[in-house]
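Inspection log for the structure reproduced underneath, given as structure tokens.
Keep in mind that what you see is a predicted model, and the values were worked out from it rather than measured. For reference, positions follow the sequence shown, starting with 1.
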Amino acid sequence: MTVHDLTRTPPALLRRARLTFFLVAVVLPIVITGIAVAVLLTWLPTLPDQVVTHWGVNGADAFGPASTYLWLLIGIGLGLPLLMAITTLAAVGAHWGGAARLMGALAAGMAAFAAVMSLGSLALQRGLTDPADAPGIGGVIALSFAALVVVAAGAWAVQPRVRPEQGRTLEPRHAVHIAQGERVVWVATTSMPRGALAFLLLVLLGLLALTGYMLLTGIEGGWIAALVVIVVAFALAATTSFRVQITPEGFAARALLGWPRIRIPLDEVESARAVEISPFGEFGGWGWRIAVDGRSGIVMRRGSAIEVSRRDRRPFIVTIDGAEEGAALLQAYVDRSRKSGTTPADTGEATS
């Protein structure tokens, strides 16, 4: 039995892409953070016992030991890039592409952002006797984002371009024949895997608990946290499950809440097929996604998916069980419409 190779990328190119990714996403953050930590440690004797750790609209409003910046630098400048690198390597596997390249660039950029933000914030306070006299931090923030963009762009540029091979075409398990005047409807649901859903629910519960604590104790910003919880809860409810329908009128998919939704009329369908999808390799993640090559779709998991090729537009994809039968039915309607020169008649009914 021949196993389909999702990459078909020359081994030498794939090895070079992985090595370069490791250098920009792991080695470079280690170097940047190491240098920043060394500089920070040499500055400690010139800093007051308490330094500004937060600036509000009216200036400095929170204070703490200078070592706070050390832990922030290590966590954001090193811990976060390492987490991004490990997650990318585990999720992508051999299906390398633009998503992995982007994650490597962002990991390097985050290290630069953390270094400039931490050192810039402390540089403003060197030699001060009263940290409340520290000037505003607007310039440091702008410089930090500039460092992120410049380093991320450089990390993107040095990594080789690897275009992931699309998954193989899946054949239907049985032939689909539709008699003239017959109406067959295919309906199915695609949902996020239980493990991923459970993790997101735990995150939501954590945000809810934090918001409740902030509101009950009167901590400033509680209403902002409450707004975030509402937005996250709505996004979670709206994107974890979708209902897919294939009818004589075409293809339709909508969230169980009713939005977001998409409808592709039959006369806009060029062709339909079932394909094998790698979420991270081809789309950079899960959910309602847009791929680097312009394809879009509802990507819930790895495996079978219906790919609807549209006239004058990029294909739309939805991962779902039974994709072979769903795609075959839609293609049968397209073929019948072309033979008759009209939209299939809406008479009689059969449900599959």
Side-chain angles (χ1 to χ4, degrees), residues 14-55 60 62-93 96 98-128 131 134-162 280 284-285:
L14 186 58
R15 285 195 297 270
R16 184 161 68 91
R18 286 174 166 172
L19 175 60
T20 311
F21 173 88
F22 180 79
L23 292 175
V24 301
V26 177
V27 176
L28 185 57
I30 291 175
V31 171
I32 292 175
T33 304
I35 294 174
V37 167
V39 173
L40 190 153
L41 292 176
T42 62
W43 284 1
L44 287 180
T46 66
L47 293 167
D49 294 335
Q50 294 288 304
V51 297
V52 183
T53 57
H54 183 270
W55 281 261
F63 304 88
S67 59
T68 302
Y69 283 96
L70 176 63
W71 300 117
L72 288 174
L73 177 58
I74 294 174
I76 300 176
L78 185 58
L80 184 58
L82 290 179
L83 179 61
M84 295 169 67
I86 293 172
T87 302
T88 300
L89 291 171
V92 173
W96 209 262
R101 186 182 180 188
L102 178 61
M103 291 295 285
L106 290 177
M110 285 304 301
F113 174 86
V116 175
M117 178 64 76
S118 298
L119 294 181
S121 300
L122 290 176
L124 297 176
Q125 306 179 64
R126 294 185 67 194
L128 294 178
I137 198 176
V140 173
I141 293 176
L143 190 60
S144 300
F145 277 104
L148 186 154
V149 172
V150 171
V151 174
W156 171 272
V158 299
Q159 295 180 82
R161 179 183 181 185
V162 181
F280 203 99

Q.
Strictly distance-based, threshold 3.5 Å: is any side-chain N or O of S118 a donor or acceptor partner for the main-chain N or O of A115?
A. no
**Q.** Identified side-chain contact (heavy atoms from CB on, under 4.5 Å) counterpart of I35 within the set V31, V37, T33
**A.** V31
Q | Flag side-chain contact, heavy atom, 4.5 Å: M117 against I141 | A | yes
Q. Any idea which heavy atoms bring A155 and V24 closest together, and the distance?
A. CB-CB, 4.0 Å
Q: Measure the shortest side-chain to side-chain distance between M110 and P29 over non-hydrogen atoms and say whether it is less than 4.5 angstrom.
A: no
Q: Kindly give the heavy-atom pair with the smallest separation between L47 and V51, and that separation in Å.
A: CB-CG1, 4.4 Å
Q.
Nearest 0.5 Å, please: how far is CG in L73 from OG1 in T68?
A. 12.5 Å
Q.
Can you give me the closest heavy-atom contact between A85 and A25, atom names plus distance?
A. CB-CB, 4.0 Å
Q: Hey, could you give me the CG/CD1 distance between L72 and I74, rounded to the nearest 0.5 Å?
A: 10.0 Å
Q: Let me see the working for R101 and V162 under side-chain contact (heavy atoms from CB on, under 4.5 Å), right down to the final yes or no.
A: CA-CA 9 Å; R101 186 182 180 188; V162 181; over 6 Å; no
Q. Is there a side-chain contact between F21 and L89 (heavy atoms, below 4.5 Å)?
A. yes
Q. Got a second to check how far L23's CG is from L28's CG, nearest 0.5 Å?
A. 9.0 Å
(Q) Using every non-hydrogen atom in the two residues, find where M103 and T88 come nearest and quote the distance to one decimal. (A) CB-OG1, 3.3 Å
Q. Any side-chain heavy atom of L119 within less than 4.5 Å of one from V140?
A. no
Q | Point-to-point distance, once rounded to the nearest 0.5 Å, from OH of Y69 to CG of L40 | A | 10.0 Å
Q.
Just verifying a value: how many Å separate L148 CG and L143 CG, rounded to the nearest 0.5 Å?
A. 11.5 Å
Q) Got a donor-acceptor contact below 3.5 angstrom from the R126 side chain to the W43 backbone? A) no
Q | Heavy-atom pair with the smallest gap, counting every atom of A147 and A112 | A | O-CB, 3.9 Å
Q: Write down the atom of A17, the atom of P160, and the distance for their closest heavy-atom approach.
A: CA-CG, 3.5 Å
Q) Can you check whether Q159's main-chain N or O pairs, donor with acceptor, with T20's side chain at less than 3.5 Å? A) no
**Q.** Side chain to side chain, S121 and V52, heavy atoms closer than 4.5 Å
**A.** no
